[in-house]
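One structure below.
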Amino acid sequence: LGIVDPFFVWEATVLNGGFLYLALQFHRAGKGSSAGTANAAARKLFLASLLYLPLLLGCMVYHRSLPAPAASPDDATKGCPFLDASNIVAEQDKHGAASGGAVLAKTDK
């Protein structure tokens, strides 16, 4: 999708693998071990869950893919019509009342 660079896949795989390992430990501890073992595994899994999402999202922010810089200021707003107010006004004038949208009245003073 181009949202993050390819190195993020490796970091996310390591984080997901560690979280899955702790989840499997908790699952096995609940299947016949003592309550103390199950509680310890549950505590580890809970603490890992508190760290997992901030670390994953932090890695995602760090490895985000930034768009290539525009050659000219006009190119920077070319893709998104909402970045330039004149495009919004032009679209509103073009469609006017035919689109069912509200049209601002122009007054000359």
[X] [atom1] to [Y] [atom2] distance, which is reported to the nearest 0.5 Å:
X: Thr13; Y: Glu11; atom1: OG1; atom2: CD; result: 10.0 Å
X: Tyr21; Y: Lys44; atom1: OH; atom2: NZ; result: 7.5 Å
X: Asn16; Y: Leu56; atom1: CG; atom2: CG; result: 6.5 Å

Of all heavy-atom pairs between [X] and [Y], which one has the smallest distance, and what is that distance?
X: Ala42; Y: Phe26; result: CB-CE1, 3.4 Å
X: Ala29; Y: Thr37; result: CB-O, 4.0 Å
X: Phe8; Y: Met60; result: CE1-N, 3.6 Å

Taking the six-membered ring for Trp, are Phe19 and Tyr52 parallel (under 30°), tilted (30 to 60°) or perpendicular (over 60°)?
parallel

For Val61, does its backbone N or O pair with a side-chain atom of Arg64 as donor and acceptor, under 3.5 Å?
yes

Apart from Leu47 itself, what residues make up its hydrophobic cluster when side-chain heavy atoms of I, L, V, M, F, W and Y under 4.5 Å apart count as a link, directly or indirectly?
Phe46, Leu50

Linking Ile, Leu, Val, Met, Phe, Trp and Tyr by side-chain heavy atoms under 4.5 Å, what else ends up with Leu20?
Leu24

Same hydrophobic cluster for Leu55 and Tyr62, using side-chain heavy-atom links shorter than 4.5 Å among ILVMFWY?
no

